[in-house]
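Residue numbers begin at 1 in each chain, while the letters A, B, ... track the order of the sequences.
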Amino acid sequence: MILKIENLRAKVGDKEILRGVNLELPLGQVHAIMGPNGSGKSTLAQVLAGREEYTVTGRVLFDGEDLLTQTPEARAFMGLFLAFQYPVELPGVGNLYFLRTALNSVRKQRGLEALDAVDFLAFAQKRMDLVEMDRSLMSRSVNEGFSGGEKKRNEILQLAILEPKLAILDETDSGLDIDALRTVAKAVNALRGPDRTLLLITHYQRLLDYIVPDQVHVMTEGQIVRSGGKDLALELEHDGYLADAPDHTLPVGGTP
Amino acid sequence: MSTDIGEFTDQEYKYGFTTDLDTDIVPRGLNEDVIRLISGKKNEPAWLLDWRLEAYRKWVKKPEPRWQNVHYDPIDYQDISYYAAPKPKKSLASLNEVDPEVRAMFDKLGISLAEQERLSGVTVAVDAVVDSVSVATTFKKKLAEVGVIFCSFSEAVQNHPDLVQKYLGSVVSNQDNFFAALNAAVFTDGSFCYIPKGVHCPMELSTYFRINAADTGQFERTLIIAEEGSYVSYLEGCTAPMRDKNQLHAAVVELVALEGAVIKYSTVQNWYPGDAQGRGGIYNFVTKRGLCAGANSKISWTQVETGSAITWKYPGVILQGDGSVGEFYSVALTANYQQADTGSKMVHLGKNTRSSIISKTVSADHGQSTYRGLVQIHDTAIGARNYTQCDSLLMGKDSGASTFPYIEVKHPSAKVEHEASTSKIGEDQLFYCRQRGIPEEEATIMIVNGFCREVFKTLPMEFAVEAQRLLSVSLEGSIG
Ligand SMILES: Nc1ncnc2c1ncn2[C@@H]1O[C@H](COP(=O)(O)OP(=O)(O)O)[C@@H](O)[C@H]1O
Ligand SMILES: [Mg+2]
């Protein structure tokens with residue numbers, strides 16, 4: 001198990017957003033979490049990555065190690081990566097420089113030598129080709145003035161460069177047109193492997209046509225309420241997320 | 001911020017050492033006799049002594065200005081020594097004869113007094129000023145081949161008195177303001193540059209200022225004259241030892257650009273900032289002004305101010321020539337109890353003159369940064385334009401930033417734009433970097449450097465690297 005979440009709860013002030021999440025992700029698999037807007041998917045991703053504004057209880061093991069006591073950077077060193085739903089702009093910080101700093105910081109923790117600018121560029125260019133990233137974006141500031149699609153691509157590029165054990169992709173599909181979605185999906189599929197687990201967060205089943213998951217989980221109101229095979233996504237598409245939750249009458253979301 | 005900005009506990013000021021030099025110091029205190037003594041030591045012509053005395057007489061009548069947004073205990077001007085010079089063993093025939101201890105001091109500061117190309121392939125001529133006097137100037141011969149004069153101010157007074165007399169005080173008069181008048185009365189040395197007509201100065205010129213002696217003030221004066229169609233890029237760096245007592249540095253810089261000439265003046269100011277409790281440090285009260293005398297001339301100031309207990313200066317440009325251009329790029333960092341009140345003055349007189357002001361202030365710990373700027377468009381300045389952008393970044397809850405833009409427009413065709421922003425380092429930005437494995441301190445420095453990039457990129461390469469390094473060192477103790 002790369003990730004084992006037990007009874008994870010997260011609050012902001014008095015508001016409980018995650019209300020006892022349980023989830024296990026085996027190494028080498030692709031899982032998806034689906035659920036309506038506001039159900040707590042991004043909060044789960046942020047809490048796992050170490051965002052400090054939440055009051056968190058419960059237990060999370062990453063590769064057998066306690067995750068919740070670690071700083072965000074330590075979690076990155078352990079091999080956790082989050083592709084943000086809303087990638088952040090860093091004015092004046094060159095994209096290539098940012099990527100190299102991140103990679104070298106992670107390499108240092110892994111006892112590897114730093115890559116110099118030349119070696120890094122060669123490596124990064126291969127990865128850029130994988131995500132079909134426009135080279136001109138590399139000399140710009142991180143995400144500054146990027147289109148929605150370019151930002152998402154940049155997240156996947158970072159994933160491809162940092163080579164984590166667990167990558168959480170938060171709504172990477174939103175804001176992508178169909179061609180871009182295909183490209184990104186192709187890149188993500190190329191990054192699948194026996195040593196890497198992917199957790200896809202989405203509320204559209206569309207993405208899962210291109211990146212076929214081993215398992216699908218449904219989150220509503222801060223809990224995982226159902227889990228199943230890849231067909232669950234199709235079922236949700238038809239019946240809405242809340243088909244099995246009798247106290248709700250209106251299904252939310254589910255169709256593009 | 002997720003983590004409190006802690007006290008600036010053990011910030012490393014790596015230039016804080018003192019060097020044991022045999023120094024000739026004039027006793028503390030200021031009166032006409034002291035001025036006569038200084039002028040006599042420098043063997044100055046009578047007109048210059050008169051000019052100094054006139055300045056002194058104005059100065060004693062001027063009240064010390066109090067409008068600036070900085071706070072300090074009154075300065076006792078009678079408790080300062082106005083002249084300190086490392087004693088030369090003998091007069092210098094060549095650079096090889098520079099006192100080995102002076103040379104060693106500069107080596108320790110990372111400034112080479114040897115005439116060699118730097119690693120980057122850029123050649124830089126250096127005028128090294130210690131306390132009140134210039135101790136060495138490199139590449140003089142090579143520069144002389146193209147007619148460029150680059151020497152200490154004292155030498156210029158001896159060897160080029162006509163030029164000095166013509167331009168000294170032509171941009172900043174000897175009674176311009178309290179500190180400029182004080183400087184005019186007691187200034188001891190500085191650099192002098194003259195770029196002849198049509199000459200593109202073949203290397204960067206620089207002056208490195210070092211305060212070494214205790215209880216002295218440093219009052220240097222720099223004068224740069226760029227004749228028609230010439231170009232020069234000039235750099236200035238400064239450091240001082242760590243001392244508990246504040247030391248006054250009141251310099252004057254005058255630039256004159258004739259028709260079509262370009263002067264680029266860059267400063268990396270790293271005077272001792274004082275300790276974590278706000279004890280000691282340099283009072284950096286400086287008057288810097290350029291005159292775009294000729295049409296289509298250009299003067300560009302870039303300053304990176306990371307040192308000094310108090311920084312108080314407004315490098316400005318008088319845009320007299322039609323179509324002339326003035327620029328001001330500034331990064332001012334205040335940490336600990338540092339204070340900075342800085343900005344620019346752009347005075348538009350000529351037609352179609354243009355100016356831009358880009359100011360970035362970063363305040364950490366208890367640091368206080370103020371941007372103060374004046375844009376004046378006179379009725380003769382038809383079609384003048386100014387663009388001003390002031391961005392402040394706050395780190396830590398006790399830091400502060402203020403902006404005072406003054407705009408006076410006397411011609412309706414003028415276009416003046418002003419933009420200002422104040423922000424904190426975003427929690428989102430930090431988290432994003434940390435998620436990618438960049439530790440908090442490094443991430444903060446990266447974000448701050450990014451914030452300042454627009455200014456850094458106007459510096460020559462070597463200085464840009466140095467500026468980024470300085471910023472990192474200054475911020476290190478104040479994060480996490
Ligand atoms: N920092 C926060 N402060 C207050 N409310 C928050 C915060 N983060 C998330 N929430 C709330 O928690 C709920 C879940 O949000 P989120 O995790 O973004 O959902 P999803 O990603 O599933 O759309 C929403 O109601 C959202 O407004
Ligand atoms: Mg979300």
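- Heavy atoms of other residues, nucleotides or ligands lying less than 6.0 angstrom from NZ of B:Lys264 number more than 12.
- Surrounding CZ of B:Arg354 are at most 12 heavy atoms belonging to other residues, nucleotides or ligands under 6.0 Å away.
- Within the model, atoms CD of A:Glu73 and CZ of B:Arg436 stand 13.5 Å from one another, a figure rounded to the nearest 0.5 Å.
- In terms of heavy-atom proximity, A:Ser105 sits nearest to B:Pro439 at OG-CD, 3.6 Å.
- For B:Tyr432, the parts sitting under 4.5 Å from any heavy atom of chain A are the backbone and the side chain alike.
- In this structure, chain B has heavy atoms under 4.5 Å from both the backbone and the side chain of A:Arg51.
- Per-residue heavy-atom pair counts under 4.5 Å with chain B were compared for A:Asn104, A:Leu162, A:Thr71, A:Thr101, and the maximum is reached by A:Thr101.
- Each of B:Met446, B:Arg453, B:Gln429 was evaluated against A:Val93; a single residue qualifies, B:Met446, per the side chain to side chain contact (heavy atoms under 4.5 Å, CB included) test.
- In this structure, B:Arg385 places its CZ atom where only 12 or fewer heavy-atom neighbours from other residues, nucleotides or ligands lie under 6.0 Å away.
- Legend: residues meeting side chain to side chain contact (heavy atoms under 4.5 Å, CB included) with A:Ser39, ordered by chain and number and at least two apart, are A:Pro36, A:Lys41, A:Met219.
- Annotation for B:Phe431 and A:Gly50: closest pair CE1-C, 3.6 Å, computed over non-hydrogen atoms.
- Rounded to the nearest 0.5 Å, atoms CZ (B:Arg434) and CD (A:Glu52) are 5.0 Å apart.
- Of residues 78-89 of chain A, those residues lying under 4.5 Å from chain B by any heavy-atom pair are A:Leu80, A:Phe81, A:Leu82, A:Ala83, A:Phe84, A:Pro87, A:Val88, A:Glu89.
- Listed options A:Leu99, A:Leu90, A:Leu103 were ranked by heavy-atom pairs under 4.5 angstrom with chain B; first place goes to A:Leu90.
- Residues that satisfy the side chain to side chain contact (heavy atoms under 4.5 Å, CB included) test with B:Ser363, not counting sequence neighbours, are B:Thr334, B:Ser369, B:Leu394, B:Ser399, B:Ala401.
- B:Cys452 does not touch chain A: none of its heavy atoms, backbone or side chain, sits under 4.5 Å away.
- Listed in order of number, the residues of residues 117-152 of chain A that approach chain B to under 4.5 Å between heavy atoms are A:Ser139, A:Val142, A:Asn143.
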